[in-house]
Peer 1: 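Got a structure here, written out as structure tokens. Questions coming.
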Amino acid sequence: MEETETRVFLSNEQHQLEEEPQLPSSMVISLYLGYFLARWGARTWEFSVALYMIYLWPNSLFLTAMYGAVESGSTAIFGPIVGQMIDGMSYVKVLRLWLVTQNLSFIVAGGSVIALLLVPDLKSQNFPVFATLVVLTNLSGAIGVLSTLAGTILIERDWVVVMSEGHSPDVLTRMNSVIRGIDLSSKLLSPVITGLIISFVSLEASAVTFAAWATITVWIEYWLFIFVYNGVPAILQSDERRSLRLSSQTDIASQYYVLLLTDENTQSRSGNMRILERISESSFVGAWRNYLNQDIVLPGVALALLFFTVLSFGTLMTATLEWKGIPTYIIGIGRGISAGVGLTATVVYPLLLLRLSPLRTGLWSFWSQWTCLSVCVGSIWVEKEKIASYMLMAGVAASRLGLWMFDLAVIQQMQDLVPESDRCVVGGVQNSLQAALDLMANLLGIIVSNPKDFWILTLISLATVSLSGVLYTVHLYRIRKHIFHLEKIPLLNNFFIRNYST
């Protein structure tokens with residue numbers, strides 16, 4: 001009887017797999033290609049801007065940290081609002097807003113940088129013009145990154161999940177890995193190519209190339225994403241559900257507003273109470289309240305804390321390495337190797353999920369990252385500057401495997417546990433929180449702006465990463481009531497068996 005039930009179950013399972021609809025390969029490839037073009041521009045700017053700023057103001061991290069503060073501050077403040085805006089718009093409107101704003105902002109930023117580089121003595125000759133161009137670069141770059149956030153939420157947190165619905169969980173895992181691989185490939189290759197252009201041509205040439213890229217690719221990206229939108233029924237159906245939800249929410253909001261006006265006209269209420277009520281109903285506060293009520297809040301905070309660090313090939317570390325005399329193309333290659341190591345996470349992560357849950361995969365991934373970052377702290381006490389710099393780069397590069405597997409694990413937990421109606425809002429708040437902590441790291445860079453004192457930032461960064469690990473470990477313990485399966489380790493397993501038998 002048991003064998004018959006097993007055969008029936010396996011037969012039904014096999015029949016379901018056979019009937020499972022396949023995603024059209026042309027749609028999947030178009031999605032990946034459009035995302036690659038968008039991420040390439042964003043990753044190129046992310047690497048280049050640190051080199052531009054350290055060139056404009058040598059021997060100081062001030063301009064570099066100031067740009068990072070403006071960028072991350074804007075994302076921290078407006079991130080939740082961007083998430084709610086996306087949730088309140090059709091997919092086509094989001095695409096237009098994202099692609100036009102991102103590429104136009106990058107064109108303006110590139111043009112401002114070109115103007116600054118063409119007049120090397122502009123700071124001493126005409127400081128108001130210099131300051132104006134720097135501010136324009138900062139603001140346009142920040143707007144470009146903020147609009148990039150809209151695209152990231154739309155593709156990573158929404159479309160990928162929608163496209164994988166009705167398929168086995170492996171499809172979502174595979175698509176997450178490919179999307180992350182595309183991002184890391186852009187992070188790997190764009191700095192190498194940009195570094196070669198800067199080292200063997202000029203900084204000006206790299207800025208012109210960046211602006212030209214943004215001008216050309218915006219049209220290709222839009223065409224690819226519209227092709228996916230029209231060709232995947234699940235996305236069209238999700239957009240219809242979104243429209244129905246929005247119309248019902250609009251009706252409820254209108255009724256509430258009428259009741260509120262009536263209540264205000266019939267009752268004498270203090271002005272402070274009305275202000276507090278409206279603040280509590282604001283999109284910003286509502287988005288944060290939604291986020292804090294989710295089951296994945298601790299993993300989300302743990303992931304966000306990893307942004308409060310200089311131990312990455314970000315603007316501050318890149319500028320510091322440049323100041324220490326490491327050639328630009330070497331920095332680009334180092335960043336490329338770092339991204340290449342992270343790229344292996346997209347291969348290793350699905351393999352680990354064959355044996356472990358996303359929750360436990362995140363634990364092992366995190367602490368492997370922490371172990372590699374301890375090498376960066378060790379470089380502080382190395383006397384030879386070049387060796388210390390290469391130790392710093394090696395520790396950061398090696399840690400990327402654990403970092404990106406941890407990132408994938410947390411994102412998959414969010415995709416699994418956050419309801420469809422909350423995905424964009426939660427994604428916006430998550431990115432806002434990450435940007436707020438990135439802002440704090442850049443503010444530290446402004447305070448400790450001398451590259452000689454980079455060791456202080458290194459120690460603070462490892463302490464923050466350690467706190468992140470503690471939070472995630474506590475979350476796992478709350479769910480599983482244990483941290484490790486000690487009985488599965490062979491030596492300890494024999495010990496437990498011996499004690500139990502005794």
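Note that the structure is a prediction, hence the values are computed from the model and not measured.
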Peer 1: Do the side chains of Trp213 and Thr44 get nearer than 4.5 Å, heavy atoms only?
Peer 2: no

Peer 1: Would you confirm whether Ser449, through its side chain, and Gly445, through its main-chain N or O, come within 3.5 Å as a donor-acceptor pair?
Peer 2: no

Peer 1: Within the side chain of Ser461, is there an N or O that forms a donor-acceptor pair under 3.5 Å with the backbone of Val310?
Peer 2: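 Here the side-chain-to-backbone pair exists.
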
Peer 1: What's the spacing between Ile182 CD1 and Leu33 CG if we round to 0.5 Å?
Peer 2: 8.5 Å

Peer 1: State the CG-OG distance between Leu408 and Ser177, to the nearest 0.5 angstrom.
Peer 2: 5.5 Å

Peer 1: Backbone N or O of Gln434 within a donor-acceptor pair of the Asp438 side chain at under 3.5 Å?
Peer 2: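 Absent.
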
Peer 1: Nearest 0.5 Å, what's the CE-CH2 distance between Met27 and Trp159?
Peer 2: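 If I round to the nearest 0.5 Å, the distance is 11.0 Å.
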
Peer 1: Got a salt bridge between Glu46 and Arg335, using NZ or NE/NH1/NH2 to carboxylate O under 4.0 Å?
Peer 2: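 A salt bridge links Glu46 with Arg335.
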
Peer 1: Do the ring planes of Phe225 and Trp98 sit parallel (below 30°), tilted (30 to 60°) or perpendicular (above 60°)?
Peer 2: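 It falls in the tilted class, 30° to 60°.
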
Peer 1: Parallel, tilted or perpendicular, judged at 30° and 60°: which one describes the rings of Phe130 and Trp57?
Peer 2: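 Rings of Phe130 and Trp57: tilted, as their planes differ by 30° to 60°.
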
Peer 1: Can you check whether Leu459 reaches Ile380 side chain to side chain, under 4.5 Å on heavy atoms?
Peer 2: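 The answer is yes; the side chains approach within 4.5 Å.
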
Peer 1: For the rings on Tyr349 and Trp404, is their centre-to-centre separation under 6.0 Å?
Peer 2: no

Peer 1: Quick one, Trp370 and Leu462 - any side-chain contact, counting heavy atoms below 4.5 Å?
Peer 2: yes

Peer 1: Is the backbone of Gly300 close enough, under 3.5 Å, to the side chain of Gln430 for a donor and an acceptor to pair up by distance?
Peer 2: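 Between the backbone of Gly300 and the side chain of Gln430 there is a qualifying donor-acceptor contact (under 3.5 Å).
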
Peer 1: Is there a donor-acceptor pair closer than 3.5 Å between any side-chain N or O of Ser199 and the backbone N or O of Leu196?
Peer 2: no

Peer 1: If you measure only the distance, is there a donor-acceptor pair under 3.5 Å linking the side chains of Gln102 and Thr148?
Peer 2: yes

Peer 1: Side chains of Leu37 and Leu224, heavy atoms from C-beta outward: is any pair under 4.5 Å?
Peer 2: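 Touching, per the 4.5 Å side-chain cut-off.
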
Peer 1: Return yes if some donor-acceptor pair links the side-chain N/O of Asn126 with the main-chain N/O of Leu122 below 3.5 Å, else return no.
Peer 2: no

Peer 1: Got a donor-acceptor contact below 3.5 angstrom from the Thr309 side chain to the Leu306 backbone?
Peer 2: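 The answer is no, because no donor-acceptor pair under 3.5 Å joins these two groups.
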
Peer 1: For Phe36, is the CZ atom crowded, meaning more than 12 foreign heavy atoms sit under 6.0 Å from it?
Peer 2: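 Enclosed.
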
Peer 1: Would you mind reporting whether Glu221 and Asn103 have side-chain heavy atoms less than 4.5 Å apart?
Peer 2: yes

Peer 1: Using only atom types and a distance under 3.5 Å, with no angle test, would you say the side chain of Ser468 pairs donor to acceptor with the backbone of Ala302?
Peer 2: yes

Peer 1: Is the number of heavy atoms from other residues, nucleotides or ligands under 6.0 Å of Trp219 CH2 greater than 12?
Peer 2: no

Peer 1: Is the closest side-chain heavy-atom distance between Asn230 and Ile235 below 4.5 Å?
Peer 2: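 Answer no - side chains too far apart.
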
Peer 1: Measure from the side-chain N and O atoms of Ser72 to the backbone N and O of Gly68, and report whether any donor-acceptor pair falls under 3.5 Å.
Peer 2: yes

Peer 1: Which class fits the ring pair Trp45 and Tyr52: parallel under 30°, tilted 30 to 60°, perpendicular over 60°?
Peer 2: tilted

Peer 1: Do Ile411 and Arg180 come within less than 4.5 Å of each other through their side chains, counting heavy atoms only?
Peer 2: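 Of all side-chain heavy-atom pairs linking Arg180 with Ile411, at least one is under 4.5 Å.
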
Peer 1: Quick check on Trp323: does its CH2 atom have over 12 non-hydrogen neighbours (other residues, nucleotides or ligands) under 6.0 Å away?
Peer 2: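 Atom CH2 in Trp323 is packed in, count exceeds 12.
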
Peer 1: Applying side-chain hydrogen bond (donor to acceptor under 3.5 Å, both in side chains) to Gln415 and Asn176, what does each step give before you reach the verdict?
Peer 2: CA-CA 10 Å; Gln415 291 171 335; Asn176 281 335; 2.6 Å; yes

Peer 1: Can the ring centres of Phe366 and Tyr472 be said to be less than 6.0 Å apart?
Peer 2: no

Peer 1: First locate atom CE of Met163, then atom CD1 of Ile155, and finally report the distance between them rounded to the nearest 0.5 Å.
Peer 2: 9.0 Å

Peer 1: When you measure from the side chain of Ser338 to the backbone N and O of Gly334, does any donor-acceptor pair fall under 3.5 Å?
Peer 2: no

Peer 1: Decide yes or no for Asp453 and Trp455: does some side-chain heavy atom of the first lie under 4.5 Å from some side-chain heavy atom of the second?
Peer 2: yes

